Amino acid sequence: MKRSAATVAAALALALSLPAAAQASGHPAAPAAMVPQVLPIGVAVSALPLAVEDRTGYQRTSFRHWNAGDIPADGCNTRAEVLLAEAIVYPEIGPGCTLTGGVWWSYYDEREVTPAGALDIDHMVPLAEAWDSGAAAWTAARREAYANDQGQPASLVAVTARSNRSKADQDPAEWLPPSADALCRYGAEWTATKLRWGLAVDEMERDRLLDIAAGCGGTDVEFTPAP
């Protein structure tokens, strides 16, 4: 029997509530809460909580990054680990995790990029936007985990410095990638990041995401709720 979008969204909301409830109670989240979720983009956008955003008290330093990364023993910080993971031509790794050579694809503007220094690592949902959307209530440790999140490929993405700085801290109602071919992927990855971390959307942001979803039939959103 085919479930309605409302039924799917309700089940998803329950699944997303488990990690937060476990954190509040001091007990670990149930393993089922960590199972990857795959939803049609329209259903996924509709599952995002709606809230008014508030940037009061935001400071970039509230999100510690880049830290020692997922593999502290490799001598590479999070930025370098993301670059290594996303390279389409692998760079040479020198002392202090210096990267030489290598080639990357910046999907925002469909550009092949080299060297590594020409790239920024973009937080798919910018730190200020995360703060507005719920991260203001998090612990410092959780904000650090968010800012260095390699547990979901969409969370951090290597792109041209120009496109990242054009985006700045804007949400999809204010900025979208210049490449039209990037639109469905971007909308899906933005939604996936907000769902992963239980972040809200404001009304204009949700409406723009729904507009994107309407033109992206067949696009799925895949995410795993953050621990």
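From a predicted model like this one, the values you see are computed outputs, not experimental measurements. In what follows, residues are counted from 1 in the order of the sequence shown.
Minimum heavy-atom separation, L50 to R206: CD2-NH1, 3.4 Å. Closest of all the heavy-atom pairs between L127 and R60 is CD1-NH1, 3.7 Å. When every heavy atom of V35 is checked against every heavy atom of P225, the shortest pair comes out as O-CD, 4.0 Å. Pairing each heavy atom of T78 with each of G69, the nearest pair is OG1-CA, 3.5 Å. Contact record, W104 with L83: NE1-O, 2.7 Å, taken as the closest heavy-atom pair.
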Would H123 and W66 count as a ring-ring contact (aromatic ring centres under 6.0 Å, His included) if you check the C-alpha gap in whole Å, the side-chain angles of each, and the deciding distance to 0.1 Å?
-> CA-CA 12 Å; H123 291 92; W66 305 111; 5.1 Å; yes
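Under the ring pair (Phe, Tyr, Trp, His ring centres under 6.0 Å) criterion, Y146 pairs with W138, W197, not counting sequence neighbours. Residues meeting the side-chain hydrogen bond (donor to acceptor under 3.5 Å, both in side chains) test with T114, sequence neighbours left out: none.
R55 has its side chain within reach of D169: a pair of non-hydrogen atoms, C-beta onward, lies under 4.5 Å apart. No side-chain heavy atom of S46 sits under 4.5 Å from any side-chain heavy atom of V43. Using a 4.5 Å heavy-atom cutoff, the side chains of V125 and W190 are in contact. Taking 4.5 Å as the limit, some side-chain heavy atom of S166 sits within range of a side-chain heavy atom of W175. By the 4.5 Å heavy-atom criterion applied to side chains, I93 and L84 are counted as neighbours.
Ion pair K194/E205 flagged as a salt bridge, since at least one NZ, NE, NH1 or NH2 atom sits closer than 4.0 Å to an Asp/Glu carboxylate oxygen. Contact check on D120 versus R162 returns no salt bridge, with no Lys/Arg side-chain nitrogen under 4.0 Å from an Asp/Glu carboxylate oxygen. Ion pair R208/D171 not flagged as a salt bridge, since none of the NZ, NE, NH1 or NH2 atoms sits closer than 4.0 Å to an Asp/Glu carboxylate oxygen.
A continuous path of ILVMFWY side-chain contacts below 4.5 Å connects V113 to L156, so both sit in one hydrophobic cluster.
No side-chain donor from either of Y108 and N164 sits under 3.5 Å from a side-chain acceptor of the other.
A donor-acceptor pair under 3.5 Å is absent between the side-chain atoms of E189 and the main chain of A154, judged by distance alone.
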